[in-house]
Asker: 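Got a structure here, written out as structure tokens. Questions coming.
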Protein chains: 2
Amino acid sequence: MPCDKSCPIEHTVNLIGHKWKVLILRNLFHQGTQRFGEIHKGIHGISQKMLTQQLRQLEADGILCRKVYPEVPPKVEYSLTALGESLKPILDEMNKWGIEHLKQRDVD
Amino acid sequence: MPCDKSCPIEHTVNLIGHKWKVLILRNLFHQGTQRFGEIHKGIHGISQKMLTQQLRQLEADGILCRKVYPEVPPKVEYSLTALGESLKPILDEMNKWGIEHLKQRDVD
DNA sequence: CTGCATCCGGTATGATACTG
DNA sequence: CAGTATCATACCGGATGCAG
């Protein structure tokens with residue numbers, strides 16, 4: 001029933017249903033405003049191209065804000081918008097679940 | 001800091017950080033135990049192969065249970081395990097966020 | 001008839017090198 | 001430093017085939 005195109009979960013997934021996007025959000029939630037290189041270092045295994053692509057999509061969806069400083073060397077900062085901040089409860093739940101599940105893993 | 005390999009969010013993302021997996025979980029949470037064809041119909045745009053692949057991964061990770069009935073015509077049912085059920089709060093938050101955000105969209 | 005494995009063509013992704 | 005361009009590769013979707 002909620003599986004139409006107006007399904008809330010489907011809508012959410014269309015915006016952040018991608019591994020890298022969640023990890024980008026995690027970084028911004030935890031570190032606040034960050035530069036491109038900072039985010040890149042903080043996410044293990046992502047390529048520059050993929051990071052650029054995902055950042056641009058998140059920006060286009062109004063989840064984060066991209067601020068370019070016209071300097072040399074170039075400096076670009078990314079920060080969460082209000083819409084991005086509103087995703088925090090989801091990230092929190094994922095964090096809580098991960099903690100619980102890692103505890104169980106340790107028991108094994 | 002939490003960005004090591006033991007980061008809870010990264011762990012969670014590795015298990016369900018995929019668009020189709022979240023939608024599969026949504027279906028099972030909403031409809032309970034379902035057959036392959038039911039899930040396929042319920043998720044718009046997914047191919048049979050992708051559905052099979054994602055279901056197998058979720059099964060391998062212990063999130064859902066696959067039960068084959070040796071009948072003609074064949075029948076395969078998928079249901080959530082206890083581990084899968086424990087993901088519900090995450091789905092709930094995604095649902096809540098989607099509802100809120102769709103409301104804002106309507107205003108536009 | 002259902003569930004799913006295989007083959008093939010298009011698309012997305014990763015590694016590297018290069019630019020402003 | 002923050003990307004872009006290029007190319008090799010891996011992944012994905014669609015059609016087909018097959019077993020039960």
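In what follows, every chain begins at residue 1, and chains take the letters A, B, ... in the order their sequences are listed.
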Asker: How would you label the contact of B:V72 with the nucleic acid (heavy atoms, under 4.0 Å): base, sugar-phosphate, or nothing?
Answerer: nothing

Asker: Reckon B:R35 has a side-chain N or O less than 4.0 Å from the OP1 or OP2 of C:dG3?
Answerer: yes

Asker: Round to a whole Å and report the spacing from NZ of A:K67 to P of D:dG3.
Answerer: 15 Å

Asker: Starting from P on C:dG3, measure out to CG on B:L51 and report it in whole angstrom.
Answerer: 10 Å

Asker: Say you draw a straight line from CD1 of A:I43 to CG of A:L23; how long is it, rounded to the nearest 0.5 Å?
Answerer: 5.5 Å

Asker: Is the shortest side-chain N/O distance from A:R66 to OP1 or OP2 of D:dG3 below 4.0 Å?
Answerer: yes

Asker: In whole angstrom, give the distance that lies between atom CD1 of B:I39 and atom C1' of C:dT2.
Answerer: 14 Å

Asker: How far does CD of B:Q53 sit from NE2 of B:H18, to the nearest 0.5 angstrom?
Answerer: 7.5 Å

Asker: Find the bend of the helix from C:dC1-D:dG20 to C:dG20-D:dC1 as the angle between its two terminal axes (five pairs each), to the nearest 10°.
Answerer: 40°

Asker: Tell me whether the side-chain N/O atoms of A:Y78 come closer than 4.0 Å to OP1 or OP2 in D:dG3.
Answerer: yes

Asker: Test of understanding: clusters of I, L, V, M, F, W, Y form through side-chain heavy atoms closer than 4.5 Å, transitively. Do A:I9 and B:I99 belong to the same one?
Answerer: no

Asker: Go along nucleotides 5-20 of chain C 5' to 3' and tag each nucleotide: B for a protein heavy atom under 4.0 Å from its base, S when only backbone or sugar atoms are that close, - otherwise.
Answerer: SBB-----BBB----B

Asker: I'd like to know if B:I39 and B:I46 are part of one continuous hydrophobic network [Ile/Leu/Val/Met/Phe/Trp/Tyr, side-chain heavy atoms within less than 4.5 Å].
Answerer: yes

Asker: If the threshold is 4.0 Å, N to carboxylate O, is there a salt bridge linking B:E85 and B:K88?
Answerer: no

Asker: Report whether A:V68 and A:I24 are members of the same hydrophobic cluster (ILVMFWY, side-chain heavy atoms less than 4.5 Å apart, transitive linking).
Answerer: yes

Asker: How close or far is atom C1' of C:dC1 from atom NZ of B:K41, stated in whole angstroms?
Answerer: 14 Å

Asker: Give the rounded distance in Å between these two atoms: CD of B:Q34 and P of C:dT2.
Answerer: 15 Å

Asker: Whether the side chain of B:N95 engages the backbone of B:L91 through a donor-acceptor N/O pair (distance < 3.5 Å, no angle test) should be reported.
Answerer: no

Asker: Give the rounded distance in Å between these two atoms: NZ of B:K21 and P of D:dC12.
Answerer: 10 Å

Asker: Which is it for A:M94 and B:V13 under the side chain to side chain contact (heavy atoms under 4.5 Å, CB included) test, yes or no, and what are the steps along the way?
Answerer: CA-CA 8 Å; A:M94 295 181 69; B:V13 163; 3.6 Å; yes

Asker: After noting the C-alpha distance and the side-chain angles of B:L25 and B:I63, does the key distance pass the side chain to side chain contact (heavy atoms under 4.5 Å, CB included) rule?
Answerer: CA-CA 9 Å; B:L25 292 177; B:I63 292 172; 3.8 Å; yes

Asker: Rounded to the Å, how far apart are A:E77 CD and D:dC1 C1'?
Answerer: 13 Å

